[in-house]
6 protein chains.
Amino acid sequence: DFDHALDSGEACAAFGAKAASLEPLYRNGIVDFGRSFREVDDALRRLVEQVRTSAKTPLMTVLLEGRAHTGKTALAARTAVTSEFPFVRLLSADSMIGFSESAKCQAIQKVFLDSYKSPLSIIVIDDVERLIEYTPVGPRFSNTVLQTLLVLLKKAPDEENRRLLVIATTSVSNHLEDLQLTDAFNVQLRCPQLEEPSEIEAALRHLVADATQRSSIASAITKPLGIKQLLMVLEMARGDHGVDANDFAACLHQFLGV
Amino acid sequence: DFDHALDSGEACAAFGAKAASLEPLYRNGIVDFGRSFREVDDALRRLVEQVRTSAKTPLMTVLLEGRAHTGKTALAARTAVTSEFPFVRLLSADSMIGFSESAKCQAIQKVFLDSYKSPLSIIVIDDVERLIEYTPVGPRFSNTVLQTLLVLLKKAPDEENRRLLVIATTSVSNHLEDLQLTDAFNVQLRCPQLEEPSEIEAALRHLVADATQRSSIASAITKPLGIKQLLMVLEMARGDHGVDANDFAACLHQFLGV
Amino acid sequence: DFDHALDSGEACAAFGAKAASLEPLYRNGIVDFGRSFREVDDALRRLVEQVRTSAKTPLMTVLLEGRAHTGKTALAARTAVTSEFPFVRLLSADSMIGFSESAKCQAIQKVFLDSYKSPLSIIVIDDVERLIEYTPVGPRFSNTVLQTLLVLLKKAPDEENRRLLVIATTSVSNHLEDLQLTDAFNVQLRCPQLEEPSEIEAALRHLVADATQRSSIASAITKPLGIKQLLMVLEMARGDHGVDANDFAACLHQFLGV
Amino acid sequence: DFDHALDSGEACAAFGAKAASLEPLYRNGIVDFGRSFREVDDALRRLVEQVRTSAKTPLMTVLLEGRAHTGKTALAARTAVTSEFPFVRLLSADSMIGFSESAKCQAIQKVFLDSYKSPLSIIVIDDVERLIEYTPVGPRFSNTVLQTLLVLLKKAPDEENRRLLVIATTSVSNHLEDLQLTDAFNVQLRCPQLEEPSEIEAALRHLVADATQRSSIASAITKPLGIKQLLMVLEMARGDHGVDANDFAACLHQFLGV
Amino acid sequence: DFDHALDSGEACAAFGAKAASLEPLYRNGIVDFGRSFREVDDALRRLVEQVRTSAKTPLMTVLLEGRAHTGKTALAARTAVTSEFPFVRLLSADSMIGFSESAKCQAIQKVFLDSYKSPLSIIVIDDVERLIEYTPVGPRFSNTVLQTLLVLLKKAPDEENRRLLVIATTSVSNHLEDLQLTDAFNVQLRCPQLEEPSEIEAALRHLVADATQRSSIASAITKPLGIKQLLMVLEMARGDHGVDANDFAACLHQFLGV
Amino acid sequence: DFDHALDSGEACAAFGAKAASLEPLYRNGIVDFGRSFREVDDALRRLVEQVRTSAKTPLMTVLLEGRAHTGKTALAARTAVTSEFPFVRLLSADSMIGFSESAKCQAIQKVFLDSYKSPLSIIVIDDVERLIEYTPVGPRFSNTVLQTLLVLLKKAPDEENRRLLVIATTSVSNHLEDLQLTDAFNVQLRCPQLEEPSEIEAALRHLVADATQRSSIASAITKPLGIKQLLMVLEMARGDHGVDANDFAACLHQFLGV
Ligand SMILES: Nc1ncnc2c1ncn2[C@@H]1O[C@H](COP(=O)(O)OP(=O)(O)OP(=O)(O)O)[C@@H](O)[C@H]1O
Ligand SMILES: Nc1ncnc2c1ncn2[C@@H]1O[C@H](COP(=O)(O)OP(=O)(O)OP(=O)(O)O)[C@@H](O)[C@H]1O
Ligand SMILES: Nc1ncnc2c1ncn2[C@@H]1O[C@H](COP(=O)(O)OP(=O)(O)OP(=O)(O)O)[C@@H](O)[C@H]1O
Ligand SMILES: Nc1ncnc2c1ncn2[C@@H]1O[C@H](COP(=O)(O)OP(=O)(O)OP(=O)(O)O)[C@@H](O)[C@H]1O
Ligand SMILES: Nc1ncnc2c1ncn2[C@@H]1O[C@H](COP(=O)(O)OP(=O)(O)OP(=O)(O)O)[C@@H](O)[C@H]1O
Ligand SMILES: Nc1ncnc2c1ncn2[C@@H]1O[C@H](COP(=O)(O)OP(=O)(O)OP(=O)(O)O)[C@@H](O)[C@H]1O
Ligand SMILES: [Mg+2]
Ligand SMILES: [Mg+2]
Ligand SMILES: [Mg+2]
Ligand SMILES: [Mg+2]
Ligand SMILES: [Mg+2]
Ligand SMILES: [Mg+2]
């Protein structure tokens with residue numbers, strides 16, 4: 001049973017390592033920048049509760065999609081960590097560089113098999129397109145890894161009283177749809193860009209002290225952008241005396257072509 | 001001969017394991033939600049009887065197709081278990097993750113060869129598209145596994161008095177048709193969605209106590225959906241005091257986009 | 001020389017095994033259902049006689065094509081068995097499941113090389129499309145096996161007084177044409193469907209005792225169908241008191257969509 | 001040097017075997033059926049003489065193309081045998097069934113390397129499309145073997161006083177053109193079909209005793225056909241008293257669809 | 001920690017070797033030919049400073065793209081060397097000729113893993129299209145290497161106080177865009193051609209002594225060209241008495257078709 | 001250093017062997033047939049001189065392209081031999097038949113690495129399309145070999161005072177352009193056909209004694225042709241008393257279709 005599994009050093013270490021490895025993914029915090037953010041954040045919480053409480057939900061699978069840089073990885077990671085489920089793991093391509101396709105499948109399957117031993121588990125699959133080695137040219141991808149995911153995403157734990165929540169992130173959900181991978185998830189949620197000046201200002205609340213500067217920066221942004229991009233350009237524009245709205249606009253132009 | 005085969009521990013264990021592994025596939029029961037359900041259920045029973053009784057039917061192959069979430073797996077599994085045939089096996093992709101193509105072929109062939117030793121056998125092939133690793137992009141699939149199935153689905157047991165019923169499920173029968181795999185089956189049956197309010201109400205009979213609630217829920221559903229989807233949304237909408245029709249409608253909208 | 005080859009147990013056993021394995025393929029008999037049947041049956045007999053008697057015909061190759069279920073396998077098998085040639089072999093995909101492409105080529109070549117040792121030989125290649133693992137999607141097929149067949153179908157036995165008749169069956173001759181495989185045969189023959197009520201009635205002569213029933217069944221059939229399909233639907237419709245024409249029509253509709 | 005090479009048993013045996021293996025290819029003789037035949041036959045002789053006599057022609061390569069059944073193989077084989085060159089070899093796919101691509105390349109290269117040791121050599125490559133495993137679907141072919149041929153067909157023997165004539169046959173020269181394989185030959189010659197009644201009658205001179213029968217048969221043929229086809233249909237139509245023109249026409253219709 | 005890593009002979013040697021190997025790439029110097037040059041040069045410097053100073057920039061990735069011969073390699077190399085970061089490495093295809101795809105991935109990953117041990121690192125990836133073996137025909141490329149880059153370009157060093165700047169060069173950024181590889185970089189910069197006569201004259205300042213000759217050469221050039229091309233044609237046109245403007249124009253025409 | 005390398009028997013032998021192997025490639029001499037010939041010949045000489053003398057030209061790469069049979073191989077070979085550079089090597093597909101792709105890459109790389117040890121080197125790559133196994137159908141080619149060439153053609157010798165000239169020949173430069181292989185060369189030169197009667201007459205100067213015959217032959221040629229073709233047809237038409245203009249015209253027609 002699960003306690004026994006946790007007794008074994010290997011499982012224990014792996015578990016610890018994994019929960020720990022998720023926290024750095026939101027090192028820069030998660031700032032509430034408005035309604036569109038809260039919508040997806042709330043939905044994730046509610047799914048965690050359903051899995052925690054409903055005996056009829058042995059398996060729940062969520063695809064958290066959205067444009068690049070919108071904070072998908074951070075949000076998925078925080079959801080997993082704050083769930084306090086006893087088994088939490090991250091599946092991401094960077095731990096599998098140079099693996100053969102079948103080695104990848106084994107590694108993925110192992111995480112799922114391990115999760116079946118815990119009463120409550122969360123598996124975060126970050127950038128699922130990288131796991132299947134997707135390129136739109138061709139397109140090319142590892143059909144072997146794709147099929148493995150398609151099978152595992154449909155399979156509930158065999159034993160009773162074992163429940164698993166899978167949260168996958170992607171920024172190419174349109175391509176995954178062609179592969180019928182989006183359909184394999186029970187639920188899809190969209191991670192939003194920052195669109196309104198008020199959202200920008202809210203996001204900068206703790207980063208730019210001066211409210212007038214915040215509002216100048218917000219008005220320099222004329223196209224939606226992701227929270228990660230906002231933070232990067234802020235860093236580029238940072239001078240000795242904080243961030244100047246003009247420098248910010250210049251960086252926005254030169255480096256992001258906005 | 002067959003009895004001898006059953007004597008051997010391996011075959012025996014395998015048989016037991018397999019029959020047992022089919023029952024959890026309809027753990028949530030099979031509810032009679034109306035005429036369209038009974039049509040396919042009856043047809044399956046009649047084919048079981050034909051195989052049981054007709055000496056001129058050494059091999060009968062059925063493709064149970066239908067949209068995702070319509071209950072195909074549950075129905076095929078129950079048909080197999082309730083047949084009480086001495087040899088009942090499940091062939092599904094989740095027991096073959098990471099297998100090479102030729103290992104898959106061997107595993108599949110082994111189940112068929114074993115079945116030829118029993119006077120009456122049923123093989124359930126769940127999600128046959130996963131067994132052949134089908135992706136519509138390309139399309140890609142394992143031609144080796146496909147050819148193995150095409151051959152085995154046409155081959156009657158060599159010995160007399162051996163009869164085999166194969167029930168395969170799929171939710172992409174249109175794709176299988178391109179591969180000439182649907183033609184390889186003697187018979188095709190369609191697993192229906194729930195379309196009428198009366199069907200929804202019938203399906204909820206034992207799940208929602210209050211008849212008015214049942215009828216509100218039924219009227220919240222404006223598009224056909226599968227029995228499995230109905231049960232999932234019900235679970236999402238379940239609160240401390242059962243399921244409220246408004247909550248149900250909200251979940252239907254947020255999670256399934258209906 | 002040939003007698004010597006037959007002396008060796010291996011060749012002998014193989015030969016016996018093979019001839020025996022062809023008879024079950026027409027276990028349900030071959031019923032003369034009319035002129036279209038006799039045309040192809042006669043042509044096959046004449047080719048057997050040509051090979052038996054003409055010293056200038058060291059190699060004759062025939063492609064017996066026709067829609068699925070028209071009785072191609074049964075007809076080819078009976079032609080081979082009734083020829084009473086000393087060497088008769090069946091080449092079919094079900095004895096090569098899981099073989100690598102090159103293992104398949106070797107197995108095929110072995111049968112041809114063995115045949116060259118007999119003065120008179122027949123090789124039946126059943127469902128030649130399965131041997132080359134053909135799928136119309138792509139299309140995909142084993143070019144290695146195809147090339148092996150293309151070479152062997154053109155190669156006469158090296159030694160004098162060795163004559164070989166090859167009879168291959170297929171239900172996708174249009175696809176084989178694209179592969180230039182049909183051109184590799186000296187002769188093509190077409191196996192017919194049952195088209196006329198009189199043909200249906202003739203086919204049912206020994207299976208349905210009552211002549212009125214036979215004629216009702218014949219009139220229930222409004223589209224051409226193969227002899228194997230006719231026999232299958234008959235079996236489905238068989239009740240305790242034989243076959244009723246109405247039941248037959250119902251089965252025809254539900255299971256074959258006719 | 002060459003004499004030395006012939007001393008070694010292996011080369012000697014191989015040489016003998018090869019020359020011998022070419023003669024059966026025109027066992028049924030070569031009949032002069034008219035001007036179109038003589039044109040190609042003469043051209044082949046003249047090229048043999050050029051190689052025999054011109055010190056400036058270390059390498060001459062000929063592609064003998066024409067429709068199926070026009071006698072290409074027989075003509076190439078006789079040209080090689082009657083040249084009386086000391087080194088004559090046949091390269092054909094049937095001696096390489098089941099070879100890997102690289103094994104094929106080695107076998108081909110070996111024949112060329114061996115030929116460089118003889119003052120005068122002829123290599124016959126029969127059905128060059130089979131050597132490269134060509135299928136028009138795709139198209140598919142062995143690029144490795146193709147490249148090997150493209151290289152060897154351009155490479156003159158390194159040593160002086162070594163001269164090599166290559167004669168390749170094909171019935172798909174249009175496809176070989178796409179592969180730029182036809183361009184690799186110095187010269188292309190076309191093997192003709194029989195087109196005129198007078199050609200048919202000439203071809204039958206020694207096969208059908210009665211001149212009136214010959215002329216009836218000739219008039220039964222309304223489309224051009226190859227010499228090999230003519231001989232095959234004649235054999236099919238042969239009865240106890242020779243060939244009857246009506247039987248001939250019937251066979252022509254049933255078996256060749258003419 | 002890093003000092004420890006540098007202690008080990010292997011890391012130390014590799015580090016030295018690498019920094020040294022970058023200097024020859026701008027052996028011919030870097031001449032300031034005008035504003036367009038300074039723009040990209042300044043941007044590179046500023047990014048080096050950001051990485052040196054911002055604790056919130058653990059990873060910065062730049063794609064330096066531009067037409068062939070515009071000096072991308074030289075500029076990237078000088079930026080890396082003059083940064084005086086303790087860890088500087090060159091990743092380029094010529095050190096991986098004949099490597100298997102997985103060996104390439106390992107070599108690439110090793111350089112990144114090594115960089116994570118240094119507080120400040122620069123990795124120059126020269127001609128990233130060669131690393132992924134890109135050919136526009138097909139197109140073909142190593143998806144394995146591409147995926148490895150896509151993953152590594154997004155992964156910040158795990159430990160705190162480790163910062164990495166990646167500068168990649170390419171002359172086919174349009175093709176890389178199709179592969180979604182350009183999007184994987186935080187910033188893209190364009191290396192300019194010489195367009196104005198004044199730029200040509202500036203570039204020739206130290207190479208052609210006579211100002212009138214410089215101006216004649218500048219006016220002989222009617223289309224934009226890269227700094228490397230300019231230097232090459234100059235070398236072709238160089239006679240015993242330096243470079244004559246007419247010879248320069250002739251070489252330009254004959255060798256570059258300008 | 002280089003002298004040392006030459007000391008080792010292996011390098012020495014290889015070097016000798018290689019220079020020797022280039023001479024037979026222009027055994028039939030190089031005849032100056034006019035201005036178009038001299039243009040390309042002069043350009044090649046000038047590039048040899050640039051490499052011999054310019055310290056700023058460590059690497060020069062030339063693609064000598066032109067239609068089949070125009071004398072590219074002979075011209076490249078003579079340029080290499082008459083340069084009297086200490087290191088001269090031929091890279092051509094016929095020395096690599098049956099090599100795996102990686103074995104080819106190694107062999108190619110070895111020649112380049114060896115060249116870097118000599119102060120002045122020439123590598124002739126004959127028929128570069130054969131090295132990359134190019135076929136226009138598909139197209140197919142060895143991307144591995146192509147990438148190896150693309151890398152080596154851009155890489156100057158690491159050490160100072162090492163200079164390398166690469167001369168590659170091809171008759172399919174349009175196809176190489178699609179592969180971006182032509183762009184990898186610094187310079188492209190075109191090898192011309194014979195177009196004018198005066199060119200034909202000049203080419204025949206030493207081969208046909210009689211001036212009237214030369215002029216008749218020249219006027220029989222109505223389409224441009226390569227010098228190699230001219231010499232071949234001359235040989236075909238050669239009779240006991242030299243070449244007759246009528247025979248020449250007949251051969252031209254029959255064998256080349258002109
Ligand atoms: N509301 C927020 N949601 C998500 N991330 C936030 C939020 N507020 C601040 N952040 C910070 O923004 C960054 C988001 O980066 P993250 O890597 O999660 O984006 P991403 O969408 O996964 O990017 P990519 O498309 O490149 O994978 C993190 O550093 C996180 O700490
Ligand atoms: N009439 C019914 N038919 C089938 N299943 C039913 C029925 N009534 C209730 N159920 C329950 O509905 C669920 C059907 O799920 P099942 O996995 O069989 O659907 P499916 O069509 O195979 O789905 P998928 O397309 O995802 O494979 C099961 O839990 C089953 O117990
Ligand atoms: N005249 C007939 N010709 C052929 N088969 C007949 C005939 N009469 C009865 N039969 C029976 O019909 C069946 C024909 O089945 P068979 O497998 O030969 O058909 P097939 O065309 O090969 O089918 P498939 O396309 O599925 O391979 C056999 O059981 C055979 O005994
Ligand atoms: N004039 C002729 N030319 C060629 N073959 C002839 C001629 N006269 C008689 N024959 C006979 O005709 C037959 C020609 O068959 P052959 O196999 O050479 O034809 P092919 O063109 O190579 O056929 P395929 O296209 O099937 O390879 C041989 O048996 C040969 O002996
Ligand atoms: N302003 C400059 N920028 C870059 N290179 C310069 C400059 N001035 C002089 N050079 C010299 O020009 C050459 C530029 O060559 P480099 O190989 O960097 O070009 P590249 O764009 O990488 O070419 P390729 O597209 O072939 O890879 C070097 O020799 C360098 O020393
Ligand atoms: N001016 C010339 N240029 C080149 N070759 C000449 C010339 N004059 C005579 N020759 C002779 O012509 C022949 C040219 O053949 P070569 O193999 O070089 O042609 P190629 O263009 O390489 O042919 P291919 O396209 O088949 O490779 C050689 O035998 C050479 O000795
Ligand atoms: Mg992310
Ligand atoms: Mg299912
Ligand atoms: Mg059959
Ligand atoms: Mg032939
Ligand atoms: Mg560069
Ligand atoms: Mg050449």
Side-chain angles (χ1 to χ4, degrees), chain C residues 39-40 42-43 46-47 49-51 53-60 62 101-110 112-113 132 134 136 138-160 175-181 183-189, chain D residues 17 20-21 23-25 27-29 67-69 73 92-101 103-104 126-127 129-143 145 169 171-172 175 207 228-229 231-240 243 247 250-257:
Chain C
E39 223 169 79
V40 56
D42 288 354
R46 249 177 302 137
L47 290 168
E49 288 322 300
Q50 181 181 346
V51 171
T53 59
S54 155
K56 287 197 169 173
T57 309
L59 177 67
M60 173 58 65
V62 193
E101 289 189 57
S102 72
K104 270 184 194 165
C105 291
Q106 272 181 26
I108 293 168
Q109 191 185 19
K110 175 151 192 359
F112 276 83
L113 290 179
I132 60 170
Y134 187 83
R140 294 188 211 180
F141 54 90
S142 164
N143 193 30
T144 307
V145 177
L146 172 62
Q147 296 294 329
T148 296
L149 288 176
L150 287 173
V151 168
L152 291 172
L153 286 171
K154 270 185 82 168
K155 170 143 190 66
D158 277 327
E159 287 183 54
E160 303 230 349
H175 292 308
L176 301 192
E177 204 158 335
D178 298 339
L179 302 175
Q180 302 194 325
L181 181 52
D183 288 355
F185 289 91
N186 296 131
V187 167
Q188 292 181 37
L189 296 173
Chain D
S21 78
E23 285 180 11
L25 298 175
R27 242 188 307 213
N28 295 334
R67 287 175 171 271
H69 318 304
T73 301
S92 77
D94 70 68
S95 61
M96 302 187 198
I97 288 176
F99 279 34
S100 70
E101 288 189 57
K104 271 184 193 165
D126 195 31
D127 280 340
E129 63 270 35
R130 281 293 79 71
L131 229 58
I132 58 171
E133 304 183 19
Y134 187 84
T135 311
V137 171
R140 294 186 212 181
F141 53 91
S142 164
N143 194 30
V145 176
T169 73
S171 51
V172 292
H175 292 308
L207 296 165
K228 197 161 104 185
Q229 277 169 314
L231 301 183
M232 184 187 80
V233 179
L234 207 69
E235 211 51 36
M236 285 175 165
R238 188 176 299 284
D240 292 346
V243 181
D247 290 355
C251 286
L252 210 57
H253 179 72
Q254 179 170 19
F255 292 114
L256 298 192

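Order of the sequence lines sets the chain letters (A, B, ...), proteins ahead of strands, with each chain counted from 1. No hydrogens, no waters, no symmetry mates; every other heavy atom, side chains included, goes into these values.
- At a threshold of 4.5 Å between non-hydrogen side-chain atoms, the residues C/Leu179 and C/Ile132 count as touching.
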Identify every side-chain donor-acceptor pair in residues 151-160 of chain C under 3.5 Å, counting partners at least two apart or on other chains, and give the distances.
residue	atom	partner	partner atom	Å
C/Lys154	NZ	D/Asp127	OD2	2.8
C/Lys155	NZ	C/Asp158	OD1	3.1

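- Contact count against chain C (heavy-atom pairs under 4.5 Å) is highest for D/Glu133 among D/Gln229, D/Arg238, D/Glu133.
- If you measure heavy-atom distances from C/Gln109 to chain D, the contacts under 4.5 Å come from the side chain alone.
- Annotation: the span from D/Ile97 atom CD1 to C/Gln106 atom CD amounts to 11.0 Å, rounded to 0.5 Å.
- By the side chain to side chain donor-acceptor pair (under 3.5 Å) test, C/Gln147 pairs with C/Asn143, D/Arg130, D/Thr135, sequence neighbours left out.
- The greatest number of non-hydrogen atom pairs below 4.5 Å with chain C, out of D/Pro136, D/Gly98, D/Ala93, D/Ser142, is found for D/Pro136.
- Neither the backbone nor the side chain of D/Phe99 comes within contact range of chain C, judged by heavy atoms closer than 4.5 Å.
- The residue among C/Asn186, C/Thr148, C/Ile108 with the most heavy atom pairs within less than 4.5 Å of chain D is C/Asn186.
- At a 4.5 Å heavy-atom cutoff, the contact between C/Leu189 and chain D is made by side-chain atoms alone.
- Heavy-atom pairs under 4.5 Å with chain D peak, among C/Ser102, C/Cys105, C/Ser54, at C/Ser54.
- For a residue to count as touching a neighbouring chain, one of its non-hydrogen atoms must lie under 4.5 Å from one of that chain's; by this rule C/Leu146 touches chain D with the side chain only.
- The existence of a salt bridge linking C/Glu49 and C/Arg46 is excluded, since no basic side-chain nitrogen approaches an acidic carboxylate oxygen closer than 4.0 Å.
- Note that CG of D/Leu252 is 9.0 Å distant from CE of D/Met232, once rounded to the nearest 0.5 Å.
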